[in-house]
Amino acid sequence: MMTDPLQARLELAVQRAFQELFNAEVALKQIGFQPTRPEFEGDVTMNVFPFLKLSGKAPEATATAIGEFLAREEPVVARFNVIKGFLNLVIADSYWLGFLQEAGTRDILALPSTGKKVMVEYASPNTNKPLHLGHMRNIFLGHSVSRILESAGNEVVRVQVVNDRGIHICKSMVAWQKFGNGETPQSSGLKGDKLVGKYYVEFDKELKRQVQEQEAGGKPKEQAEKEAPILLEAQEMLRKWEANFAEVRALWSTMNGWVYEGFRETFKAMNVPEFDKNYYESQTYVLGKEDVLKGLEKGVFYEKDGAVWVDNTPEGLDEKVLLRRDGTSVYMTQDIGTAIKRFEEYPGLSQLIYTVGNEQDYHFKVLFIILKKLGFPWASELHHLSYGMVDLPSGKMKSREGTVVDADDLIEEVVNEARAMGEQLSKLDDFSEKEKKDLYEMIGLAALKYYLLKVDPKKRMLFDPAASIDLQGHTGPFIQYTYARIRSLNRRVMAGVWTGSLKFPEAEIQFAWQPSTTSDQLQPLEKELLKRLHHTPSALLESADKLDPSILANHAYEIAKAYNSFYQAVPVLKEEDGRKKLFRHNLSIDVAKVLKKAMWCLGIEVPERM
RNA sequence: GAUCCCGUAGCUCAGCUGGAUAGAGCACCUGCCUUCUAAGCAGGCGGCCGUUGGUUCGAAUCCAACCGGGAUCACCA
């Protein structure tokens, strides 16, 4: 990894070794290091098997020769040992100590600016129902990826497309007109999105009733489903909406307004910021038509039966309609137009990432190919951040069958669990009610977010309600707890003065450890921690490259775990030797800093006490 | 029918750009609070890495076939 200066150094040295020892050229990329397995002495290990042809020697002899060269020529290598074809290198403590010093003076989770501007789209809900667990995976992912990209040196623009028009919202509108008796969020006290969602369900109920009725009257099922009066009404409502009927538009605005108010509350409860820009489908759905016609002129698309098509069979895909015979758009059309519009609106934009479920993999493949065919230079910088569905122990989530996990309910549940645990431990009796409430929300949300983010986004995941509110083990609260422990140490150092400040006391505590060449100053648990910290920039970069927060999430967990082992076995403030005490405290501070920033990248806050 | 994704411990997941004896958490069992927060630590139990072949000095990792699970393939959104 390029961000790992140690590895880069060693690779160069090994390259030199091959030149001087065997008169052989080796590309840096071919030289790979891996962490040394714990049962052997060493920090990093090089496998020499791939290079035996170059050296013309046996594995042990090759490894030994390189090891001797490195120990002699490269100061960071303190010593080495060889086991079979494995060259284990012990890195000088002074290197790790130097790293610690550096980590103390700057944010190692802030990579140099790339100068790139990246747009991330996520959330993109429909306005006919409340947010649920599936949205939460999407939103936490999109938000986290945005922050990771920021930390990795990019400027990020967050956007969503609000699917505010279409048959779905018309269904809610029709049902509300029929059965609503003028109900509003104010009159019933129901959250706006819940209220609109309720009428969407009402619509479905009534539809089913009518279909059954008509079936009983002798109509075939398919016909009954198409001809149900309430469905026809919804379709009529959609036509009126498109024709700009004032009353329909007014009702539409009102009901969407209720939904937005509800969404705002949920976003607040999720502790996720709003977007830099919202695109509304009611505005974007007209986009793309002209672009498609231009493509037709250029010969990128073709006409058949009066419709405009694109032929993606050369790419191994199918043909696809872009404009219907009657000249109207399909979903793809507006996505083409919206993408183009975004790059016009944001001139320096170099990348666009769509956070959308993997059931739309095919759609985005086609979209990207089309934009490439239209000749947009940025088309190769489009990414579909495709994530897997969230399953429940009972099976798939289906909104029609009422098996969805509601976002608001879930947050409430997880916060209640945090409260129950907190009160049982009763460490916080001096907290005010407000402080307790804030803390339990922070902990509950951490459990939920971490649970959803620790899994590779690409993979379908199982949502186990019990595990998601777990506060122990491989969880967000475990990392929070580690942070709080360290902050407690910090406070003691500062003579018990509790300021409530989130600032780290670097100013108060100077780094006083003098790196020296004498080896083995570091205890194994200290070194283990330093190595994990040292790997942080690489983890961040990999997370950013792969658009995968789980890499950073798991890295943070590894650090927290290593810290807790260290904390348990090695005294910090009770250490008599002042230099050691200071060193360990500095180490602790850096762990806290990294944990806090890594959690920030995941959209998770950390408490000063818990 | 075609294409794509996924099969690792009882459960949930890491590891997958090939390397040493495959790792965590949960669950279960044993210890550890008169020393810095026990939401913790130390230890134990638990694996034909879906199956079969191939490539390789070496395969959970790459390739092929098969089995099992999921998704997608509309002049729908």
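Note that these values count all heavy atoms, side chains included, but never hydrogens, waters or copies made by symmetry. Lettering of chains follows the sequences in order, A, B, ..., and the numbering in each one begins at 1.
Counting non-hydrogen atoms under 4.0 angstrom, A:Thr45 reaches a base of the nucleic acid. Using a 4.0 Å heavy-atom criterion, one finds that A:Leu462 contacts the sugar-phosphate atoms exclusively. Using a 4.0 Å heavy-atom criterion, one finds that A:Pro59 contacts no nucleic acid atom at all. Note on A:Leu317: nothing from the nucleic acid sits closer than 4.0 angstrom, heavy atoms only. Contact annotation for A:Asp464: no contact, since no heavy-atom pair falls under 4.0 Å across all strands. Residue contacts for A:Val572: at a heavy-atom cut-off of 4.0 Å it reaches a base atom on one of the strands shown. Nucleic acid contact class of A:Asn88 (heavy atoms, under 4.0 Å, all strands): base. Contact annotation for A:Val570: base contact, defined as any heavy-atom pair under 4.0 Å involving a base atom. Contact annotation for A:Ala467: no contact, since no heavy-atom pair falls under 4.0 Å across all strands.
The nucleotide B:rC62 finds its pairing partner in B:rG54, both defining distances of the Watson-Crick or G-U wobble pair being shorter than 3.5 Å. Base pairing analysis places B:rA38 opposite nothing; no Watson-Crick or G-U wobble pair with both distances below 3.5 Å involves it. In this structure B:rC16 sits in no base pair that meets the Watson-Crick or G-U test at under 3.5 Å. Checking B:rC26 for Watson-Crick or G-U wobble geometry (two distances, each under 3.5 Å) identifies B:rG10 as its partner. Across every strand in view, B:rC73 sits in a pair with B:rG1 that passes the Watson-Crick or G-U test at under 3.5 angstrom. Partner assigned to B:rC45 is none, using Watson-Crick or G-U wobble distances below 3.5 angstrom.
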Show me the protein contacts with nucleotides 68-71 of chain B, counting only N or O atoms at under 3.5 Å.
residue	atom	partner	partner atom	Å
B:rG70	O2'	A:Arg460	NH1	2.6
B:rA71	OP1	A:Lys396	NZ	2.5

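When each of A:Ala560 and A:Pro457 is assigned the nucleotide of RNA chain B bearing its nearest heavy atom, the one mapping closer to the 5' terminus is A:Pro457. Heavy-atom distances to RNA chain B give each of A:Glu319 and A:Arg165 a nearest nucleotide, and the one nearer the 5′ end belongs to A:Glu319.
For the pair A:Ser565 and B:rC41, the criterion of a side-chain N or O lying under 4.0 Å from OP1 or OP2 is not met. Between A:Arg37 and B:rG23 there is a side-chain polar atom (N or O) within less than 4.0 angstrom of OP1 or OP2. Residue A:Tyr362 places none of its side-chain N or O atoms closer than 4.0 Å to OP1 or OP2 of B:rU3. Look at A:Lys459 and you'll find a side-chain N or O under 4.0 angstrom from OP1 or OP2 of B:rA14.
Ring geometry for A:Phe49 versus A:Phe86: interplanar angle over 60°, hence perpendicular rather than tilted (30 to 60°). Ring geometry for A:Trp241 versus A:Trp252: interplanar angle over 60°, hence perpendicular rather than tilted (30 to 60°).
Judged by ring centres under 5.5 Å apart and planes tilted less than 30 degrees, A:Tyr557 fails to stack against the six-membered base ring of B:rA24. In this structure, A:Phe478 does not count as stacked on the base of B:rA39 under the 5.5 Å centre distance and 30° plane angle limits. For B:rA20, the base is stacked against the aromatic ring of A:Phe40, per a cut-off of 5.5 Å between centres and 30° between planes.
When each of A:Lys580, A:Arg584, A:Lys581 is checked for a side-chain hydrogen bond (donor to acceptor under 3.5 Å, both in side chains) with A:Glu575, only A:Arg584 meets the rule. Test A:Leu323, A:Asp311, A:Ile370 against A:Phe301 for side chain to side chain contact (heavy atoms under 4.5 Å, CB included) and you get one pass: A:Ile370. Between A:Tyr122 and the options A:Leu385, A:Asn138, A:Val161, A:Leu141, a side chain to side chain contact (heavy atoms under 4.5 Å, CB included) holds for only A:Asn138.
The gap from the C1' atom of B:rA24 to that of B:rG70 amounts to 26 Å, rounded to the nearest Å. Between the P atoms of B:rC49 and B:rA59, the separation comes to 13 Å (whole Å). Here, B:rG15 and B:rU61 have their C1' atoms 9 Å apart, quoted to the whole Å. For the P atoms, the distance from B:rG50 to B:rG7 is 8 Å, rounded to whole Å. If you take atom P in B:rG46 and the same atom in B:rA39, they sit 30 Å apart, rounded to whole Å. Atom C1' of B:rA14 sits at a distance of 26 Å from the matching atom of B:rC67, rounded to the whole Å. Of the P atoms belonging to B:rC33 and B:rA38, the separation is 12 Å, rounded to the nearest Å. Only the P atoms considered, B:rC29 is 27 Å distant from B:rA22, to the nearest whole Å.
Scanning atom types as modelled, no donor and acceptor separated by under 3.5 angstrom connect the side chain of A:Asn564 and the base of B:rA42. Contact annotation: side chain of A:Ser550 to base of B:rA14, donor-acceptor pair absent below 3.5 Å.
When rounded to the nearest whole Å, the span between CD1 of A:Ile486 and C1' of B:rG40 equals 13 Å. As a whole-Å value, the separation of A:Tyr563 OH from B:rA38 P is 12 Å. Atom CG in A:Asp326 sits roughly 8 Å away from atom P in B:rC76 (whole-Å rounding). Put simply, CG on A:Asp456 is 18 Å from P on B:rU61, counting in whole angstrom units. A straight line from CG of A:Asp391 to C1' of B:rC11 spans 15 Å, rounded to a whole angstrom. Summarising the geometry, the separation between NZ on A:Lys427 and P on B:rG40 is reported as 9 Å, rounded to the nearest angstrom. One atom, CD1 of A:Ile469, and another, C1' of B:rA39, lie 14 Å apart when rounded to the nearest Å. Look at CD on A:Glu60: it is 15 Å from C1' on B:rG19, rounded to the nearest Å.
Ion pairing of A:Arg239 with A:Glu236 is present here, as a side-chain N (NZ or NE/NH1/NH2) and a carboxylate O approach within less than 4.0 Å.
B:rC45: glycosidic angle beyond 90° from 0, hence anti.
Nearest heavy atoms, A:Val415 versus A:Glu441: CG2-CA, 3.8 Å.
Residue A:Glu39 qualifies as enclosed at atom CD: its count of foreign heavy atoms under 6.0 Å is above 12. The local environment of NZ in A:Lys436 is crowded, with over 12 non-hydrogen atoms from other residues, nucleotides or ligands closer than 6.0 Å. Sparse packing is recorded around CD of A:Glu290, with 12 or fewer heavy atoms of other residues, nucleotides or ligands lying under 6.0 Å away.
Comparing B:rG19, B:rA39, B:rA38 by their closest approach to the side chain of A:Tyr567 singles out B:rA38. Among B:rG25, B:rG40, B:rA14, the nucleotide with an atom closest to any side-chain atom of A:Tyr481 is B:rG40. Side-chain proximity of A:Pro50 to the nucleotides B:rA39, B:rU21, B:rG19 is greatest for B:rG19.
Here the side chain of A:Ser144 pairs a donor or acceptor atom with the backbone of A:Cys601 at under 3.5 angstrom.
Ring centroids of A:Tyr563 and A:Phe566 are separated by less than 6.0 Å, placing the two rings close together.
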